[in-house]
Structures are given as structure tokens and as C-alpha cells.
> 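Below is a structure I'd like to ask you about.
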Amino acid sequence: MTKKILIVSVFVVASCGLAYELIAGALSSYLLGDSVLQFSTIIGCYLFAMGVGAHFSKYVKDEDVLARFVDIELAVGLIGGVSAAVLFMTFAWASAPFRTMLYTMVFLVGAMVGMEIPLVMRALNSRQTEFSELVSRVLTFDYLGALAVSLLFPLVLAPQLGLVRTGFLFGMLNIAVALWTIYVFRTELANVTGRLLRASAVMLALVIGFSGADRLTGWGEHGLFGDEIVYSTSTPYQRLVITKWKDDLRLYINGNLQFSSRDEYRYHEALVHPVMGALPWAKRVLILGGGDGLALREVLRYPQVEHVTLVDLDPAMTAAFTTRGELVELNKGSFRDKRVTVVNADAAIWLQQSREMFDAAIVDFPDPSSFALGKLYSVPFYGVLKKHIAANGLVVVQATSPFFAPHAYWTVDATLREVGMRTWPYHLYVPSFGEWGFIMASPQLDYRPPESYSLPMRFLNADTTRAMFVFPPDMKPLPMAPNRLNTQSLVHEFEQDWRRVIR
């Protein structure tokens with residue numbers, strides 16, 4: 001019976017260890033971007049720490065194996081359980097030590113997890129388990145635990161519980177293993193009462209943290225964003241937060257500002273109308289991204305438009321902007337228009353599978369801050385997109401800031417030209433973002449910016465449109481290589497550009 005208990009403990013221990021690693025990687029990706037870098041460095045640090053812990057396990061005396069196993073479970077449960085909450089609060093309220101705190105906690109958890117399996121194997125060995133059976137059983141349940149969490153984390157835990165609550169949950173599982181071990185082996189352990197009290201205290205703290213996770217997250221996000229949070233949710237793809245201050249609604253994705261309702265009209269007029277004003281015959285329009293419905297709002301102002309297909313990855317995004325009153329008011333109920341078809345899918349996959357043709361495409365993805373987003377700015381992606389656009393049609397791409405991120409901006413331009421499209425870069429000033437850039441492109445059309453608009457505008461007229469296509473000397477074009485899928489140079493350029501200007 002005692003052998004089975006130890007084997008089951010291996011399953012739980014392995015599950016918890018991998019969960020803490022995934023939580024750290026996901027949280028750092030949300031907050032810092034570049035998921036490949038974050039996951040690679042965290043996995044490396046964690047595995048190295050496990051090796052260190054495995055090495056130091058040899059210094060535990062045979063008669064103390066079970067006692068140290070219980071103590072380590074308590075420590076892992078406490079540190080791992082609170083890790084997501086502590087890291088999130090640290091980033092929100094004092095971002096400077098975040099990286100130090102991140103890798104310190106990853107190393108501590110990894111080192112202790114690295115000690116757990118050798119200690120369990122020694123405990124089994126002391127119970128006269130044959131070596132071949134010992135190794136096969138321990139490793140089998142170790143790998144099964146890892147498999148279970150690797151499937152549950154992205155599909156259930158992160159989207160349903162969130163990272164903070166998931167951390168507390170696995171901390172409680174570690175403490176449950178400790179309590180179970182204390183009870184079963186109470187005759188072999190010293191100071192059983194003291195260990196039970198410590199385990200119970202940690203369990204209580206984790207239960208309180210689990211029940212108050214939403215409040216903790218709210219405090220952290222309040223420190224991060226400053227304004228009242230009116231909506232927030234974690235999805236399998238991203239963290240969405242909407243804040244409000246007086247009459248200003250703001251959308252943040254993974255902590256990055258997407259729009260402010262006070263000046264979004266500048267951005268969306270500049271994104272949509274230079275395209276639509278030049279194509280009075282355009283009837284079929286494709287919007288990639290733009291799950292807030294604001295670009296869609298502008299497209300639907302044109303009576304000749306017969307159909308708009310909007311492709312956005314996250315159904316939670318389009319659902320929020322279809323149902324929440326203040327958001328529906330902002331996008332003028334654009335998702336309820338009968339001319340609109342919403343597709344919740346990966347835009348790259350959808351384009352490969354679709355046979356539809358469009359007169360115009362508006363590409364409004366978040367900035368290429370990760371490799372998952374960078375693929376949507378790559379040569380293969382634009383090559384497929386070109387096949388869906390009429391020869392005399394137009395594509396416009398949100399392309400980050402030509403002032404703050406010039407290398408990234410001109411990389412997007414080079415990528416569009418690489419697939420055989422003609423390009424016309426342009427920019428404008430949006431108070432919430434600063435100087436911002438777009439790139440117009442076409443397979444064959446000789447584009448001329450509109451000199452007038454048939455619809456009333458708040459920002460655009462002949463003069464402001466003409467000025468958008470003129471670049472001053474401090475934003476002159478740079479000779480950049482196109483963004484290819486296997487290297488994703490754009491993501492590196494984007495990070496390096498913004499690292500130079502963000503303090």
C-alpha cells in the first residue's frame with residue numbers, strides 16, 4: 001500500500017512541477033512578449049535547477065528521506081502556488097525586479113522538484129522494491145503526470161481558471177501530497193504534529209488565495225492599467241482587459257494598449273478610408289483581426305459594400321464587442337449588420353482554406369511582438385493573401401510606428417514588396433500611440449490617395465490625407481530584409497526598436 005501511495009505521489013508531483021513551469025512561461029509571455037524566448041529561457045533555467053536539486057538530494061540521509069520529502073512538498077506548494085500571483089503583482093506595481101523574481105522563483109521550484117523524484121525512488125528502494133520495477137514505475141508516472149498537465153493547461157486550466165488561480169490549485173495539490181504522506185507514514189516521521197500544523201497553515205493560505213484570485217488579479221491589473229477595469233477575461237489565446245476613465249474606454253491585449261475611445265477614430269479613419277475612398281466600386285471586403293469591430297464600423301459606412309468577412313482568432317473578443325453595451329455603442333453595432341460574416345479562426349489557416357476573392361483587405365493585427373503574431377506579417381502569409389485580392393484591389397496593413405520602431409516598420413514594407421505587391425507607406429499621429437504607420441499595397445493598381453471623401457470624417461480631409469504619405473527626414477525609409485517564416489526577423493527588429501525607447 002505504501003508503495004502505491006508513493007507512486008501516486010510521483011504522478012501529482014510531476015503534474016505540479018510542469019504546471020509551475022507552464023505558468024511562468026505563459027505569464028512572462030503575456031507580460032514581456034516573445035514567447036519563444038520566454039519559454040526557452042524558463043525551460044532551460046527550470047531543467048538546470050532540477051539537475052542541481054537532484055545532485056543535492058544525495059546529501060539527505062536515508063533515515064530523513066520521508067521527512068525531507070514532506071518538507072520539500074510544503075515548500076514547493078507554497079512557492080509554486082503563490083508564484084503566479086507574486087509575479088503578476090510584482091510586474092504591476094514594481095516592474096523593475098520582475099525578471100529577477102521570475103528566474104529566482106523558477107530556479108527555486110525547479111531545484112526542489114529535482115529533489116522530489118530521487119527522494120521518492122530512495123523511499124521505494126528502502127522498501128525493497130527491485131531496481132527495474134522502481135525505475136519503470138517512477139518514470140512512467142512521472143511522464144504520465146507531465147502529459148496530463150500539458151493537455152489540461154492550455155485547454156482547460158489557463159482559459160477557465162486563469163494563471164493565478166491555476167497556481168494556487170497546484171500548490172494545494174502539493175500540500176495534499178504532503179498531508180497524505182504525513183498521515184500514512186506518521187509512525188516513521190518525527191514531529192508529526194508540527195508538520196501537520198505547517199501543512200494546514202499553508203493549505204489554508206492557498207485556499208484563501210484561490211478563492212480571492214479574481215480580487216488579486218484585479219488589484220494587479222489596476223496597478224498595471226491605472227483605470228477602472230470594466231471587463232477582463234483570459235482565453236486560450238490572450239488576456240483581454242477593458243478599462244474606463246470618465247468617457248475613455250481602453251482595450252488591452254496581454255497588457256498592450258489596442259485603442260483609446262477618445263482618439264481611435266484617427267487610427268481607424270486612416271486605416272480604412274484611404275483604401276475605401278480609392279475603390280468606390282469595392283463590394284467585398286476582408287478584415288483580418290479587428291475583433292473590436294471598429295474598422296468594420298468604418299467599412300460599413302459605404303453603401304456599395306455588399307459583404308464583409310471578418311476573421312479574428314478569439315471568439316471572446318468578438319463576443320464582447322457584440323454583446324457589451326458600451327462596446328456595441330462604440331462600434332455602432334457593426335457585428336449585427338446583415339452584411340457581416342464573422343469567422344473565429346487563425347487567419348493564416350483560413351486564408352489557405354478559403355477560395356473567396358475580395359476587392360479590399362484591411363489587416364489589423366496586434367503588433368508583431370511574438371512569433372505567433374510575426375507569422376501574420378511574413379512572406380508566406382502575404383503571398384497567400386495576395387491570391388485573395390483582385391488585381392486592382394488594395395490591401396492595407398497596420399505596421400507599428402515608423403518613428404519608434406522604424407526597422408520593424410520598413411521590414412513590413414519589404415515583406416509586402418517581396419511577394420510582388422506595390423506599396424505606399426503612410427503615417428499619422430494618434431495621441432494614445434504617438435506616430436503610427438500603415439502600408440498600402442496592391443498587386444497591380446497604381447494607387448493615388450483620395451483627394452476628397454464622400455463621407456463626413458472627423459480627421460481625414462484632402463490636406464491630412466496628403467500629409468500622411470509624406471515622410472520627414474527622421475522617418476526616412478530603411479533598407480530592410482523581408483520577414484521570412486523560418487527566421488522571423490521582424491519580431492527581433494520590433495523588440496530591439498521598442499527596447500530603445502521604452503524605459
> Looking at every heavy atom in both Gly77 and Leu206, which two are closest together, and how far apart are they?
O-CD1, 3.7 Å
> Do Leu157 and Phe170 have side chains that get closer than 4.5 Å, going by heavy atoms?
yes
> Locate the shortest heavy-atom distance separating Leu74 from Val202; write the atom from each residue and the value.
O-CG1, 4.5 Å
> Walk me through it: do Asp64 and Lys61 pass the test salt bridge (Lys or Arg N to Asp or Glu O under 4.0 Å)?
CA-CA 5 Å; Asp64 294 333; Lys61 297 179 181 178; 5.4 Å; no
> If you count heavy atoms of other groups shown closer than 6.0 angstrom to CD of Glu329, is the number above 12?
no
> May I ask you to test the Trp350-Leu286 pair for a side-chain heavy-atom distance under 4.5 Å?
yes
> Taking the side chain as every heavy atom from C-beta outward, state whether Val76 and Tyr20 have any atom pair closer than 4.5 Å.
yes
> Ion pair present between Asp497 and Arg499, side-chain N to carboxylate O less than 4.0 angstrom?
no
> For Ser432, is there any backbone N or O sitting under 3.5 Å from a side-chain donor or acceptor partner on Ser260?
no
> Distance check, rounded to the nearest 0.5 Å: Glu73 atom CD versus Glu116 atom CD?
4.0 Å
> For a quick test of reading the model, state the closest non-hydrogen atom pair linking Val272 to Ala295 and the distance between them.
CG2-O, 3.7 Å
> Please report the closest heavy-atom contact between Val412 and Ala399, naming both atoms and the distance.
CG1-CB, 4.0 Å
> Would you call Gln38 and Leu27 a side-chain contact if the rule is heavy atoms closer than 4.5 Å?
no
> Is the backbone of Pro118 close enough, under 3.5 Å, to the side chain of Ser57 for a donor and an acceptor to pair up by distance?
no
> With a 4.5 Å limit on heavy-atom distance, are the side chains of Leu87 and Phe98 in contact?
yes
> May I ask you to decide if Leu78's main-chain N or O and Asn174's side chain share a donor-acceptor pair within less than 3.5 Å?
no
> In plain terms, say whether Arg297 and Glu264 are close enough for a salt bridge, that is, a side-chain N and a carboxylate O under 4.0 Å apart.
yes
> Does Phe168 have Arg165 sitting over its ring (NZ/CZ under 6.0 Å from centre, angle to axis within 45°)?
no
> What distance separates Tyr46 OH from Met105 CE, expressed to the nearest 0.5 Å?
13.0 Å
> Taking the side chain as every heavy atom from C-beta outward, state whether Leu330 and Val328 have any pair of such atoms under 4.5 Å apart.
no
> Are Arg262 and Lys246 side-chain neighbours, meaning at least one heavy-atom pair lies under 4.5 Å?
yes
> Return the minimal non-hydrogen interatomic distance between Ser232 and Val241, and the atom names on each side.
CB-CG2, 4.0 Å
> What residues form a side chain to side chain donor-acceptor pair (under 3.5 Å) with Asp314, not counting sequence neighbours?
Thr235, Gln238
> Where the side chain of Ser28 meets the backbone of Gly25, is there a donor-acceptor pair that is under 3.5 Å apart?
yes
> Are the side chain of Asn331 and the backbone of Gly293 linked by a donor-acceptor contact shorter than 3.5 Å?
no
> Without hydrogens or angle criteria, can the side chains of Tyr377 and Thr411 be said to hold a donor-acceptor pair below 3.5 Å?
no
> Distance from Leu204 atom CG to Ile175 atom CD1, nearest 0.5 Å?
11.5 Å
> Out of curiosity, Thr41 OG1 to Ile43 CD1, how far, rounded to the nearest 0.5 Å?
8.5 Å
> So, Ser378 and Asn483: side-chain donor and acceptor under 3.5 Å apart, yes or no?
no
> Report, as yes or no, whether the 6.0 Å neighbourhood of atom CZ on Phe403 holds more than 12 heavy atoms from other residues, nucleotides or ligands.
no
> When you look at Val363 and Leu385, which way does the side chain to side chain contact (heavy atoms under 4.5 Å, CB included) test go after all the steps?
CA-CA 10 Å; Val363 184; Leu385 176 60; 3.9 Å; yes
> Hey, what do you get for CG (Leu161) to OG1 (Thr166), rounding to the nearest 0.5 Å?
4.5 Å
> If you apply the rule side chain to side chain contact (heavy atoms under 4.5 Å, CB included), what do you find for Ser369 with Val491, and how did you get there?
CA-CA 6 Å; Ser369 58; Val491 177; over 6 Å; no
> Can a donor-acceptor pair be found between the side chains of Asn344 and Thr318 at a distance below 3.5 Å?
yes
> Are the charged groups of Arg186 and Glu188 less than 4.0 angstrom apart, N to O?
no
> Side chain of Tyr409, backbone of Phe404: donor and acceptor closer than 3.5 Å?
no
> Can you check whether Met101's main-chain N or O pairs, donor with acceptor, with Thr104's side chain at less than 3.5 Å?
no
> Kindly say whether Ile242 contributes a backbone atom to a donor-acceptor pair with the side chain of Arg250 at under 3.5 angstrom?
no
> Is the closest side-chain donor-acceptor distance between Asp263 and Tyr429 under 3.5 Å?
no
> Nearest heavy-atom pair of Arg195 and Val70: which atoms, and what distance?
CD-CG1, 4.0 Å
> Is any NZ, NE, NH1 or NH2 atom of the basic residue among Asp337 and Lys332 found under 4.0 Å from an Asp or Glu carboxylate oxygen of the other?
no
> If you count the non-hydrogen atoms of other residues, nucleotides and ligands that lie under 6.0 Å from CZ in Phe48, is the total more than 12?
no
> Decide yes or no on side chain to side chain contact (heavy atoms under 4.5 Å, CB included) for Leu310 and Asp312, but give the supporting numbers first.
CA-CA 6 Å; Leu310 185 145; Asp312 190 277; 3.9 Å; yes
> Evaluate the criterion ring pair (Phe, Tyr, Trp, His ring centres under 6.0 Å) for residue pair Tyr267 and Phe438; output intermediate values, then yes/no.
CA-CA 10 Å; Tyr267 175 98; Phe438 308 91; 5.2 Å; yes
> Within the 4.5 Å heavy-atom criterion, are Arg324 and Tyr231 side-chain neighbours or not?
yes
> Output, in order, the C-alpha distance, side-chain angles, deciding distance and verdict of side chain to side chain contact (heavy atoms under 4.5 Å, CB included) for Val207 and Met172.
CA-CA 7 Å; Val207 169; Met172 288 188 285; 3.4 Å; yes
> For the residue pair His492 and Phe371, does the interplanar ring angle fall in the parallel (under 30°), tilted (30 to 60°) or perpendicular (over 60°) class?
perpendicular
> Could you label the plane-to-plane angle of the Trp436 and Phe433 rings as parallel, tilted or perpendicular, counting under 30° as parallel and over 60° as perpendicular?
tilted
> Would you say Asp364's side chain and Gln398's backbone share a donor-acceptor pair under 3.5 angstrom?
no
> Examine distances only and state if a side-chain atom of Glu298 and a backbone atom of His268 form a donor-acceptor pair shorter than 3.5 Å.
no
> Would you give the length of the straight line joining atom CG of Leu47 to atom CD1 of Ile42, rounded to the nearest 0.5 angstrom?
12.0 Å
